[in-house]
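Index from 1, following the sequence.
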Amino acid sequence: MLGRPSILLSRTGNFRPENLGQNAMAMIGNLCFTIFVLGVLIFTIIAATYQPEDPLFHPSEKITNFLASKSNATFRADDTVVRTGEDFLGANQTAFSTFINLNDVDVPETADAGSVTENNLDCRGKIDDPIDCTDPDVFHLLMRAAIEKFKDIHFYRFGKPVRGLNDSSCHMAWRFRPKEGKTATFYKDYRSFVVSRSENCTLDVVSIGDYHSGGNARKRKRKNKTGFDGTPGKLDEGFEKATPKTEGEPIALPVVGEAVNDSLPVVESESSFGNGKYLIYSGGGDRCKSMSHYLWSFMCALGEAQYLNRTLVMDLSICLSKIYTSSGVDEEGKDFRFYFDFEHLKDSASVLDQVQFWSDWKQWHKKDGLSLHLVEDFRITPMKLSGVQDTLIMRKFGSVELDNYWYRVCEGETESVVQRPWHLVWKSRRLMDIVSAISSRLNWDYDSVHVVRGEKARNHEMWPHLAEDTSPEALLSSLQDKIDDGRNLYIATNEPDTSFFDPLKDKYSTHFLHEYKDLWDENSEWYAETAKLNNGNPVEFDGYMRSSVDTEVFFRAKKQVETFNDLTKDCKDGINTCTSSS
């Protein structure tokens, strides 16, 4: 019994007044350490799960939705249209800030408003003599006439006029952009001018032809000898306003309307082939998938080739997914050049067509001792292949999906090392020329509405209000505060019967894609050029092309009205899928 008080005193000694300060400090220290550990744990979880907005770092399962959308734009159009390099360029480039206006064009002393008088010419008996299109005064007359007529575009360069189809015709080309252009793209047009001469030697522009009517002013590019030293064609001589100098390398911008030289690159000699280093992707499950899937995987391969400083050996033959075909089945044998700008790709990166490559390889690899390094596991990263000295690295993909998708190579730690080079892949300039032609026929002065109907409008469970909200009556009500009466209204839609929109004609001048089918029919330049790429066989203007052109015309309108957000409160991906951006 005598020992218990001493034990009790020893246990309660920590609570004596002289020990309270030490205990409090210890408790505070333990609490701070606990908070620190929790903070580190929370930060680690956030860092592991955070997904930055940079598209190059989106996880692969989310990238298709990104590529098929444009911020709030609803134009996913059956998930067909993908974003390419020019879509990532800002439209406020320095190159766009300086354009040619009337004050920049000299007015000869012998000229008055809209006309010019020829010097040193006795006009008697010479009224019907040919117009000298090379005369500087005639050049200035044509420039002024173009600037005064086309008020909704900015001019950046005029090519020197050349003789047209007869003695009173001159052809002249120019580079331009719409005044309210939202994309970082230049356009080229070349038109026919009819010039008249009066009895007092005064010259006047009587008329200006339609889009691309001045074919004699179109400069053809010289073919590149190889794909390894080709350079973009130069502008023809003419009039160009000086632009401010910018630091760093100039940014390449698409020029829609230029002659396209997308011939296949070739290797000139055995030695140049043997000295090269190559990368090829073989097999896999990417074939016949959506264009979004195809491009995401292709960009991975192109990014790895650039990282390894190797030439990408690419298959230009594409399988077009059945979601784009009129037959409803996957179609092999489509050409990469139908959909993308191969000229820009081969001028900006080192690529070879695989048919040509295997022909050269078969001819020279044994003789020159060229070696192949086979990789059959996508988990072998490009970083591990950086030291490989073999002539060819072949990544071979198996038959088990998802592990046989090319884009798997760029997942994980590779995502932060290998960058997909978006600036190298642009949309086909042949398709974009059709977009430019449609916009030009509308004088670049039109508004647009995108109307989604089709199966979504019939699926009332997923889109309960869409059919009603896109009826002609509802459209008239929704557009009355958005589009002024009498405007040119381009209607981009998947509604096959365009007469459905006839009630809108009372207020607007309506236009649809099918009205411009002469731009891709058998008499068109597009038809002739794509058939040439296809060994003389005609090429169908397929569903992807239609959707791509429809989308791009829509985006070039001065005002754009979306289906979702603007016309209906339904979510574009179905009920309960709305986000803050859709």
Side-chain angles (χ1 to χ4, degrees), residues 51 53 55 58-83 288-296 320-330 401-402 448-479 481-482 490-504 512-514 542-555 560-582:
Q51 296 168 357
E53 288 303 312
H58 272 292
S60 302
E61 65 271 14
K62 293 190 176 184
I63 194 64
T64 297
N65 288 337
F66 167 78
L67 288 171
S69 65
K70 246 189 174 181
S71 64
N72 290 341
T74 64
F75 227 98
R76 293 177 59 182
D78 302 323
D79 289 331
T80 52
V81 180
V82 297
R83 299 181 76 181
C288 303
K289 294 295 192 295
S290 71
M291 198 66 82
S292 299
H293 183 125
Y294 167 78
L295 189 62
W296 185 236
L320 189 66
S321 170
K322 59 186 177 183
I323 65 176
Y324 312 117
T325 64
S326 58
S327 64
V329 298
D330 298 332
E401 301 190 22
L402 308 160
S448 187
V449 59
H450 173 222
V451 183
V452 174
R453 288 187 57 80
E455 295 200 8
K456 286 189 176 182
R458 293 188 290 271
N459 188 338
H460 299 289
E461 290 186 6
M462 293 295 290
W463 295 274
H465 308 103
L466 182 59
E468 180 181 354
D469 291 340
T470 56
S471 67
E473 296 75 17
L475 287 174
L476 285 169
S477 176
S478 298
L479 295 177
D481 296 328
K482 299 178 175 68
Y490 184 86
I491 301 178
T493 182
N494 60 349
E495 173 60 52
D497 181 12
T498 55
S499 65
F500 175 82
F501 300 99
D502 280 353
L504 277 68
F512 301 90
L513 179 63
H514 70 83
D542 58 51
Y544 182 82
M545 297 172 184
R546 291 175 183 274
S547 186
S548 181
V549 170
D550 218 19
T551 301
E552 296 301 325
V553 175
F554 170 81
F555 283 131
Q560 301 152 11
V561 179
E562 307 280 2
T563 296
F564 304 99
N565 296 325
D566 294 331
L567 300 179
T568 181
K569 292 184 179 180
D570 283 352
C571 306
K572 62 184 176 183
D573 294 323
I575 194 168
N576 297 327
T577 62
C578 287
T579 64
S580 58
S581 61
S582 62

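- If you take CG on Asn494 and CG on Asp550, they are separated by 9.5 Å, rounding to the nearest 0.5 Å.
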- Check the pair Ile491 / Val451 against side-chain contact (heavy atoms from CB on, under 4.5 Å), numbers first and verdict last. CA-CA 7 Å; Ile491 301 178; Val451 183; 4.2 Å; yes
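- Between the side chain of Asp330 and the backbone N or O of Ser321, no donor-acceptor pair lies under 3.5 Å.
- Side chain of Lys456 to main chain of Lys572: a donor-acceptor pair is present (N/O by atom type, distance under 3.5 Å, no hydrogens or angles).
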- Task: Take Phe564 and Val452, measure what side-chain contact (heavy atoms from CB on, under 4.5 Å) needs, and give me the verdict at the end.
- Result: CA-CA 9 Å; Phe564 304 99; Val452 174; 4.2 Å; yes
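- Checked by atom type and distance alone, the side chain of Thr577 never pairs as donor or acceptor with a backbone atom of Cys571 at under 3.5 Å.
- With hydrogens and angles ignored, the 3.5 Å screen pairs no side-chain donor or acceptor of Ser547 with any backbone N or O of Gly543.
- Between His514 and Thr498, the shortest heavy-atom contact is NE2-OG1, 3.3 Å.
- Residues satisfying the salt bridge (charged side-chain N to carboxylate O under 4.0 Å, His left out) criterion with Arg546, sequence neighbours excluded, are absent altogether.
- Leu513 places none of its side-chain heavy atoms less than 4.5 Å from the side chain of Val553.
- Side-chain atoms of Leu504 and Leu476, non-hydrogen and from C-beta on, do get closer than 4.5 Å to each other.
- From Ser292, atom OG reaches atom CZ of Arg83 across 11.5 Å, with rounding to the nearest 0.5 Å.
- Not counting sequence neighbours, the partners of Ser478 by the side-chain contact (heavy atoms from CB on, under 4.5 Å) test are Leu567.
- The aromatic rings of His450 and Phe554 stand perpendicular to each other, their planes meeting at an angle above 60°, with 30° marking the opposite boundary.
- The OH atom of Tyr324 lies 4.5 Å from the OG atom of Ser290; values are rounded to the nearest 0.5 Å.
- Distance check, rounded to the nearest 0.5 Å: OG of Ser548 to CG of Asp542 gives 10.0 Å.
- The minimum heavy-atom distance linking Ala457 with His460 is given by the pair O-CE1, 3.5 Å.
- For Lys482, the side-chain contact (heavy atoms from CB on, under 4.5 Å) partners two or more places apart in sequence, or in a different chain, are Val561, Asp566.
- At least one donor-acceptor pair under 3.5 Å links the side chain of Ser448 to the backbone N or O of Tyr490.
- A search for side-chain contact (heavy atoms from CB on, under 4.5 Å) contacts involving Ser477 returns Gln480, not counting sequence neighbours.
- Scanning for salt bridge (charged side-chain N to carboxylate O under 4.0 Å, His left out) contacts around Glu455 gives an empty result, with sequence neighbours left out.
- Applying the salt bridge (charged side-chain N to carboxylate O under 4.0 Å, His left out) definition to pairs two or more places apart or across chains, those involving residues 495-504 are Arg453-Glu495, Asp502-Lys505.
- In terms of modelled atom types and a separation under 3.5 Å, the side chain of Tyr544 and the main chain of Leu320 share no donor-acceptor contact.
- Counting only heavy atoms from C-beta outward, the side chains of Phe501 and Thr493 approach each other to under 4.5 Å.
- In plain terms, the two heavy atoms of Lys322 and Val329 that are nearest each other are CB-C, 3.4 Å.
- Put simply, the side chain of Thr470 reaches to within 4.5 Å of the side chain of Thr563, judged on heavy atoms.
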